[in-house]
S.K.: 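What follows is a structure written as structure tokens; I'll ask about it next.
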Number of protein chains: 2
Amino acid sequence: MVVFEPFRKGVGMVVKRNTWQREAVRSALGTQMGFVSAQGLHAALATSGSHIGLATVYRALADLANEGEADSLQSPEGEALYRACSLAHHHHLICRSCGLTVEIEADEVEEWAHRTATQHGFSRPEHVVDVFGFCSACVPPQ
Amino acid sequence: MVVFEPFRKGVGMVVKRNTWQREAVRSALGTQMGFVSAQGLHAALATSGSHIGLATVYRALADLANEGEADSLQSPEGEALYRACSLAHHHHLICRSCGLTVEIEADEVEEWAHRTATQHGFSRPEHVVDVFGFCSACVPPQ
DNA sequence: CTGATTTTGAAAATCATTATCAATTAGGTA
DNA sequence: TACCTAATTGATAATGATTTTCAAAATCAG
Ligand SMILES: [Zn+2]
Ligand SMILES: [Zn+2]
Ligand SMILES: [Zn+2]
Ligand SMILES: [Zn+2]
């Protein structure tokens, strides 16, 4: 049986030290207009002259996501992608062509998710809600 | 820039032949109460005496998903999971503890997704909507 | 400044998934 | 039924993203 673990790890974490690497990742993530993979961000950092290691980028992104400073989602191909986001819970509208990302609030969906879970006797619901499409600047192929 | 490809491949596919392997996968998938990975289903088949190859299970599951006979989603850990599902578009409410899966219709969400995409100038929207929680039979941990 | 502890990073290890490709098989045809 | 040909299979190698290792470097409280 497949068991789904909680999305975010528990609390009780040890103190994190401040390194230029973590700051470089946080900063680089902020310059991205859409979601990026760890590999992509590492490449971007390398291009801008940083000698940060790939494993460190993976670790920093995972930390940022855990601390709520970044949102993460999985591309349809299964790659983990990250993006610097606002603190409040929200969802994303993502252009499949250029990656443009719009943060969307959806009280309607929040309420629906909770109501649906409750109706079926499920407790502590969490949800994954992402919308993909083609932004107005991108010509829909086909 | 990360590019998101369309979720489902185009049409124009060649004729599929009927093999006991495909039928075994379809059948085994039907006996599962929740989502399973290709590896998990291959293990289940092996346990029940089938000598089907792992690559074949991967291929059969991908085909079933393309043909609409199975739904697929990615576990929070990034594994592709499959489940025999009803034909109509729907979403899932999944127990994080036992894997129990409930199919849910969400006209409300369908409409919201389309409306939101349109409002932001996005065309051809597709969406990922899954709800995870603990079913009534499972004691919520913590 | 010092020392305990955390972090880094290059390289190796994992691990799910895909590609290879020779051998087998399904399904149509005579 | 025998045969042909393209589709399918499956053992294995290859891929590719992510994680682990572990010795060296860095952080930071005291
Ligand atoms: Zn776009
Ligand atoms: Zn939400
Ligand atoms: Zn349950
Ligand atoms: Zn839907």
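Here is how names work: the chains are called A, B, and so on, in the same order as the sequence lines, proteins then strands, and each is numbered from 1.
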S.K.: May I ask you to list the residues of residues 49-63 of chain A, by number, that have any heavy atom positioned under 4.0 Å from an atom of DNA chain D?
M.R.: A:Ala55, A:Tyr58, A:Arg59
S.K.: With a cut-off of less than 4.0 Å, is there a side-chain N or O of A:Ser37 near OP1 or OP2 of D:dA17?
M.R.: no
S.K.: Assess whether a salt bridge exists between A:Arg115 and B:Glu108, defined as any Lys/Arg side-chain N lying under 4.0 Å from an Asp/Glu carboxylate O.
M.R.: yes
S.K.: Between B:Gln21 and D:dG10, is there a contact of a side-chain N or O with OP1 or OP2 at under 4.0 Å?
M.R.: yes
S.K.: Considering only side-chain heavy atoms of A:Thr19, which listed nucleotide, D:dG10, D:dT27, D:dA17, is closest?
M.R.: D:dT27
S.K.: Please state whether the phosphate of C:dA16, meaning OP1 or OP2, lies under 4.0 angstrom from any side-chain nitrogen or oxygen of B:Gln74.
M.R.: no
S.K.: Does a donor on one side chain and an acceptor on the other come within less than 3.5 Å for B:Tyr82 and B:Gln32?
M.R.: no
S.K.: Are A:Ile104 and B:Val131 in one and the same hydrophobic cluster, where Ile, Leu, Val, Met, Phe, Trp and Tyr link if side-chain heavy atoms are under 4.5 Å apart?
M.R.: yes
S.K.: So, B:His92 and B:Glu103: side-chain donor and acceptor under 3.5 Å apart, yes or no?
M.R.: no
S.K.: Send over the distance from A:His42 NE2 to D:dT19 C1', rounded to a whole Å.
M.R.: 15 Å
S.K.: Counting heavy atoms from C-beta on, name the nucleotide in C:dT6, C:dT17, D:dT8 closest to the side chain of B:Gln39.
M.R.: C:dT17
S.K.: Looking at the side chain of A:Arg17, which of D:dA26, D:dT9, C:dG9 is the nearest nucleotide?
M.R.: D:dA26
S.K.: Run the ring-centre check on B:His114 versus B:His127 and record whether the distance is less than 6.0 Å.
M.R.: no
